[in-house]
Enquirer: 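Here it is, the structure, as structure tokens.
All values below come from the heavy atoms of this structure, side chains included, with hydrogens, waters and symmetry mates left out. Lettering of chains follows the sequences in order, A, B, ..., and the numbering in each one begins at 1.
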Amino acid sequence: MSDQAAARPTSLLNRGDHTARRHAAEARFRACGLGAILIGLAALAMLLTSVLGSGLGAFRQTYIHLPIHLDAAALDKSGDRDPEVLKKVTTIGYRKVIDAALVEAVAQAGIVIPGLTEDDSAGIISREAPAQVRDMALSDPDLIGETIQVRILADGRIDGYLKGRVSAESAARDSNVSLAQLQLADAMVERGLLSLDFNAAFLTAPDASDQRPEAAGLGVAILGSAYMMLIVLALALPIGVAASIYLEEFAPKNRLTDLIEVNVANLAAVPSIVFGILGLAIFINFAGLPQSAPVVGGLVLTLMTLPTIIIATRASLKAVPPSIREAALGLGASRMQAVFHHVLPLAAPGILTGAILGLAQALGETAPLLLIGMVAFVREYPGAPPEGFFDPASALPVQIFNWTQRADPAFVERASGAIIVLLAFLLVMNAAAILLRRRFERRW
Amino acid sequence: MKDTLTETPAAADTAKIATRDLQVHYGDTHALRDVDVDIPDRTVTALIGPSGCGKSTFLRCLNRMNDTIPAARVTGEIRIDGEDIHDPRIDPVQLRAKVGMVFQKPNPFPKSIRDNVAYGPRIHGLTRTRAELDEVVEKSLRRAALWDEVKDRLDALATGLSGGQQQRLCIARTIATSPEILLMDEPCSALDPIATAQIEELIDDLRSRFAVVIVTHSMQQAARVSQRTAFFHLGRMVEYGDTGALFTNPADPRTESYITGRIG
């Protein structure tokens with residue numbers, strides 16, 4: 001006692017050694033916490049700048065604006081505009097028409113580039129452009145014979161030049177694009193024949209081959225991801241919530257339910273690729289479901305999401321005070337009435353949050369989808385549900401993975417753009433979780 | 001299972017609640033031993049005793065709330081109106097509608113005041129029309145002496161009421177299912193003296209219609225509100241008799257020690 005009394009300063013105005021040490025410890029701890037948060041924020045800022053910096057370009061695309069005369073002599077020799085006959089003209093036929101139109105438009109605009117061959121000027125048109133024009137002509141055969149003003153894709157290198165990815169120096173180093181082509185592009189921009197416009201096709205178009213990054217879009221991937229999310233929501237939410245309610249409110253507490261609880265927690269930690277192998281073995285090899293189909297992806301992601309939903313649901317059911325259950329039971333409510341009238345509504349915000357976070361996790365999952373063949377190159381849109389669930393499709397994260405593997409640097413921009421789209425979807429889902437939680441909480 | 005008609009003990013004929021050789025185990029703990037008691041109708045019966053003596057356990061046996069605790073095991077016989085409540089033909093849900101319970105901590109549902117009171121009648125299908133339901137709500141709230149305070153805000157959240165009001169709401173909610181027996185587990189332990197006085201007055205009033213069994217830690221409260229008192233100690237019912245006699249002239253030395261403050 002006497003030691004303590006000696007250590008304590010006589011006046012409250014003097015800080016003792018002990019107090020000073022405590023304050024120093026607290027200050028150190030606060031500094032550590034602040035530092036951790038700053039590091040996290042810096043990492044986030046770096047991620048966003050890098051993704052936005054390289055990905056925003058994907059939402060703008062270089063287009064060539066041309067009047068094209070769809071020559072009836074070349075495109076419809078029979079002259080009766082029979083759709084079956086028109087289909088026999090391949091994109092090669094249209095290619096010639098477009099090339100000719102470009103040469104003419106360039107000449108009309110008075111652009112003279114020394115050393116520019118006709119092949120060079122044709123080279124600034126995307127390989128996808130003939131298909132665009134052919135689709136137009138096939139959907140409206142009356143256009144043949146007319147001169148129409150079209151907006152066609154420019155080649156990826158020219159697009160890169162307008163976005164600053166390709167320069168005269170880099171063009172000199174490789175043979176992908178010639179200096180004359182770049183000069184032509186400059187002249188066309190000046191005369192309004194070439195411009196950077198908003199690229200809606202990035203969100204709607206299907207994937208494109210290695211040679212035409214300018215045409216690649218996320219349409220199939222977004223549709224495939226949406227189908228899978230529908231399946232996950234329709235299966236994982238009811239199964240997960242029902243399982244949690246049974247385990248938490250009705251099941252006897254014994255060794256078996258303890259074992260189940262531990263294993264559900266373990267399942268949540270199983271690497272997702274393992275679920276992919278499981279899906280491959282069960283859904284494709286055993287059940288004979290088609291490869292690359294959203295239904296298989298949805299089922300695999302359901303298995304992966306179930307533990308997350310079950311854990312979140314059980315936690316929010318546990319958080320409902322037992323006095324509410326007692327009150328309901330004491331009034332003569334049955335177990336089920338007590339759960340469905342009182343416990344479940346109180347747990348609903350937590351359940352919804354868990355479900356949406358589980359969905360968001362499933363939306364970004366890549367590894368299991370690779371194993372069930374969703375990595376395939378898919379250009380056909382899947383059909384409308386429910387048949388469409390069995391058509392081949394891609395998925396957003398897989399599409400990103402796919403694009404990062406391609407050689408052309410234009411795909412790097414596409415991949416970053418796809419990451420932005422994925423992040424936007426995740427943000428929307430999280431915002432929905434917050435809104436729903438607020439809304440439900442207000443009701444009580 | 002004994003035949004309910006032929007072997008009813010004589011005393012149970014007049015008693016609302018009769019227990020014989022009642023034992024309760026929670027896992028390995030023997031929480032209640034050999035309780036034989038006859039509780040008359042239209043009387044307030046107080047259960048007193050030190051903490052952990054089994055009085056709440058006894059109360060929870062009477063509407064089979066112990067069924068909801070997995071580790072609890074109840075043996076022996078409990079008869080209400082001569083019917084064995086552990087008979088397999090008896091549904092605990094129906095039993096709990098007949099034997100209402102008010103808990104220690106006010107536990108209104110986080111819904112409107114009206115919904116709280118209307119919940120019991122709704123799930124038991126006691127009313128057919130909205131008007132009938134409104135009538136039951138008003139009657140129950142009036143009987144619980146809460147009507148005047150909440151009549152203008154029946155759609156307000158019940159959780160926004162004060163503690164005493166919440167407890168009276170819980171009583172109103174229990175009354176609304178028209179029980180015959182009212183079990184109260186320390187209903188005033190979380191309340192201030194004014195709210196306590198209101199509830200005690202209410203209990204006295206409820207006696208004209210129900211058999212009330214109340215667990216209390218306050219001997220003054222037991223003396224004020226009850227006609228019969230049972231003293232529990234270490235899982236046994238030590239003494240049971242008229243409240244006046246038990247407090248002034250206890251038969252058992254343990255009862256005397258407790259009410260004079262030497263044990264407990």
Side-chain angles (χ1 to χ4, degrees), chain A residues 243-262 313-353 436-444, chain B residues 27 59-60 62-71 91-112 115-126 140 157-160 166-167 169-179 182-185 190:
Chain A
S244 322
I245 291 177
Y246 178 74
L247 282 174
E248 199 57 46
E249 305 284 340
F250 295 96
K253 302 275 175 282
N254 55 27
R255 287 252 174 87
L256 184 67
T257 45
D258 282 351
L259 195 72
I260 290 175
E261 180 162 0
V262 169
T313 306
R314 292 192 67 176
S316 41
L317 286 174
K318 262 198 195 108
V320 175
S323 68
I324 296 290
R325 289 180 189 84
E326 283 202 323
L329 292 177
L331 282 176
S334 67
R335 243 62 182 265
M336 200 168 137
Q337 283 173 325
V339 170
F340 281 87
H341 294 169
H342 300 290
V343 179
L344 203 54
L346 286 175
I351 295 173
L352 278 176
T353 312
L436 280 173
R437 196 168 50 202
R438 289 260 170 84
R439 207 187 138 79
F440 272 85
E441 269 173 355
R442 246 207 320 260
R443 277 184 56 195
W444 298 102
Chain B
L59 200 69
R60 294 171 64 93
L62 300 182
N63 66 347
R64 289 182 58 181
M65 277 303 272
N66 279 331
D67 290 12
T68 61
I69 302 169
D91 181 4
V93 165
Q94 253 178 310
L95 170 72
R96 287 178 202 142
K98 183 172 174 173
V99 185
M101 185 157 191
V102 176
F103 296 87
Q104 181 172 4
K105 228 179 107 208
N107 54 355
F109 301 126
K111 298 187 176 193
S112 72
D115 284 346
N116 262 279
V117 183
Y119 183 68
R122 252 184 215 146
I123 58 169
H124 295 298
L126 297 181
S140 309
L157 269 184
T159 39
Q166 285 188 10
Q167 192 61 299
L169 177 67
C170 291
I171 295 174
R173 183 174 70 183
T174 310
I175 297 172
T177 55
S178 342
L182 204 53
L183 308 177
M184 297 178 141
D185 191 355

Enquirer: Can you name the residues that form a side-chain contact (heavy atoms from CB on, under 4.5 Å) with A/Ile260, not counting sequence neighbours?
Expert: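 Per chain and number, A/Ile260 pairs via side-chain contact (heavy atoms from CB on, under 4.5 Å) with A/Leu247, A/Leu256, A/Val264.
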Enquirer: Considering only heavy atoms, which portion of B/Arg64 lies under 4.5 Å from any heavy atom of chain A: side chain, backbone, both, or neither?
Expert: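 For B/Arg64, neither part sits under 4.5 Å from chain A.
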Enquirer: How long is the span from the OH atom in B/Tyr119 to the NE2 atom in A/His342, to the nearest 0.5 Å?
Expert: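 Between B/Tyr119 OH and A/His342 NE2, I get 3.5 Å after rounding to 0.5 Å.
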Enquirer: Count the heavy atoms of every other residue, nucleotide or ligand shown that sit under 6.0 Å from NZ of B/Lys105, and state whether that count exceeds 12.
Expert: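 Not buried by this count: 12 neighbours or fewer within 6.0 Å.
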Enquirer: Of the backbone (N, CA, C, O) and the side chain (C-beta and beyond), which part of B/Pro92 lies under 4.5 Å from a heavy atom of chain A, both, or neither?
Expert: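 Looking at B/Pro92, nothing touches chain A.
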Enquirer: Quick one: pull up CD1 in B/Ile123 and OG in A/Ser334 and give me the separation to the nearest 0.5 Å.
Expert: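 B/Ile123 atom CD1 to A/Ser334 atom OG measures 7.5 Å (nearest 0.5 Å).
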Enquirer: When only heavy atoms count and the cut-off is under 4.5 Å, which of residues 321-333 of chain A reach chain B?
Expert: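 At a heavy-atom separation under 4.5 Å, chain B is reached by A/Ser323, A/Ile324, A/Glu326, A/Ala327, A/Ala328, A/Leu329, A/Gly330, A/Leu331, A/Gly332, A/Ala333.
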